Amino acid sequence: MKNLFALVDCNNFYVSCERVFNPRLEGRAVVVLSNNDGCVIARSNEAKALGIKMGAPAFQHKDLFRKNGVLVYSSNYALYGDMSQRVMETLGRFTPRIEIYSIDEAFLSLEGFDSTSLTEYAHLIRSTAKKWTGIPVSIGIGPTKTLAKLASKVAKKYRKLNGVFDLTDHPAMEKILDSVDVGDVWGIGPRYRTFLVRHGIRSALDLNRAGDIWVKKHMTVMGLRTVKELRGIPCFGLEELPVPRKGIMSSRSFGRPVESLEELKQALATYVSRAAEKLRSQRSAAAIVHVFLLTNRFKPREPQYGNSSTAILPIPMDYTPNLIRWAHRQLGKIYKPGYRYKKTGVFLTEIVPRDRIQLNLFTQNYPHEKNRKIMRVVDLINARWGTDTVRYGAEGTQKEWKMRRNLLSPRYTTQWSEIPVVKSE
DNA sequence: TCTGGGGTCCTAGGACCC
DNA sequence: TCTGGGGTCCTAGGACCC
């Protein structure tokens, strides 16, 4: 049967989430900032029209924001995660096969659906999502994921399409591909864009017509797959099952520079407990702990230092206190006094399923049943009452290094009102 | 004062083995 | 005349995604 994909993309997702609970934001220029209130990571159409770029540092635009009455919010991931789940559940009603691709995008398989009424169906999906969740979405349809993505860009670009565009067997395919900048093709980032333009490849159509061997030579097999997908030959399938992470990272920039080892250890302990939580939630254990720390690269006049250190654990672990001990040990090896640090973090790798840990002679009863029970209770309580309800002494209580979130909206959906159901094992 | 955080995949090249 | 060569594993680095 013929492949057929729909890409559903939430419009200006974080801004749309804020708008659902604060209708005053409708029709206004609104931006949402990254952690630490650093960069712009979501913009309403009105904000885009003011020329505010994705990733723009917020402090450079203070004047512009004030002059134009731009409403500025800290990112509220508890809210966005919850809204995302509602949108995905809604989309799941319209197809038996769905891939949740990111917090604000999903691929739907439309294989076997009546191809003459797909646009109509997509309009129904779109209006239902809006009605049930308040979030506006755009939908692109195509025979490959790359073309569905491209179609969704077209759907956003032309108002009269009402947020839906089907590129499948389109009579004006070439003209449409020619109207799309090569850098807007899924898989073509800024580096490749520069390179391609230098070689006269400016549009998606140019790329579609590029030679296979040349593409493979300069852009690896991944680039070649992208080109084939542009020609309608599917190279990327629907990934319905979440793939267990191969590495789990947790790190944050500090709200202010941190110099003491004591405070770095507190911050690192906090990140290790987040990472360990994620590890346990996918029922895994990690055998390698990488720790890194960095000064602020945007302050060239301050002395710069960055380093990392890796511990190979005697056996894969998921017990937070032990992981904190190992992380602290590595931090001690790379910490140098006299620097103003901006960031530290942990990266867990060599991840294996928890119940398939290779035991050795010295670890007969591993993992210890008591530790496992403690972790289960801690995870349950934190899932129910919010991260940080139970935490470790090593994380500290003052947390003066915590990131800034001065412009946070209330936790509309996740505070008190909802108690997640936790499945027993 | 002030510039995010988390992932994926691929390739080249070195080490090592036979 | 003319410094073996092929396979495998690992790591660092570079590209991409949202």
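Predicted, not measured: the structure shown is a model, and the values here were computed from it. Residue numbers start from 1 in every chain, and the chains themselves are labelled A, B, ... in the order their sequence lines are given, proteins ahead of strands.
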Between [Y] and [X], is the closest basic N to carboxylate O distance under 4.0 Å?
{"X": "Arg405(A)", "Y": "Asp37(A)", "answer": "no"}
{"X": "Arg193(A)", "Y": "Asp181(A)", "answer": "yes"}
{"X": "Glu350(A)", "Y": "Lys246(A)", "answer": "no"}
{"X": "Glu46(A)", "Y": "Arg19(A)", "answer": "yes"}

By the 4.0 Å heavy-atom rule, please label [X] as base, sugar-phosphate, or nothing.
{"X": "Asn35(A)", "value": "sugar-phosphate"}
{"X": "Lys216(A)", "value": "nothing"}
{"X": "Gly55(A)", "value": "nothing"}
{"X": "Ile248(A)", "value": "sugar-phosphate"}
{"X": "Arg225(A)", "value": "sugar-phosphate"}
{"X": "Ser250(A)", "value": "sugar-phosphate"}
{"X": "Arg252(A)", "value": "sugar-phosphate"}
{"X": "Lys342(A)", "value": "sugar-phosphate"}
{"X": "Asp104(A)", "value": "sugar-phosphate"}
{"X": "Ile188(A)", "value": "sugar-phosphate"}
{"X": "Val243(A)", "value": "nothing"}

Ring centroid separation Tyr192(A) to His218(A) under 6.0 Å: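 Not close enough - the centres of the two rings lie 6.0 Å or further apart.
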Closest-nucleotide ordering on DNA chain B, the 5'-leading residue of Phe347(A) and Tyr77(A):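 First, find each residue's nearest nucleotide; the 5'-ward one identifies Tyr77(A).
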Could you pick out which residue, Arg340(A) or Arg245(A), lies toward the 5' side of DNA chain B when each is mapped onto its nearest nucleotide? Arg340(A)
Pairing donors with acceptors under 3.5 angstrom, does anything connect the side chains of Ser74(A) and Arg404(A)? no
I'd like the 5' and 3' limits of the part of DNA chain B contacted by chain A, with heavy-atom contacts below 4.0 Å.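 Boundary nucleotides touching chain A, in 5' to 3' order, are dT1(B) to dT11(B).
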Between Phe254(A) and Tyr271(A), how do the two ring planes meet: parallel, tilted or perpendicular, split at 30° and 60°?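 Phe254(A) and Tyr271(A): parallel rings.
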Could you tell me which nucleotide pairs with dG14(C) by Watson-Crick or G-U wobble geometry, both distances under 3.5 Å, or answer none if nothing does? dC9(B)
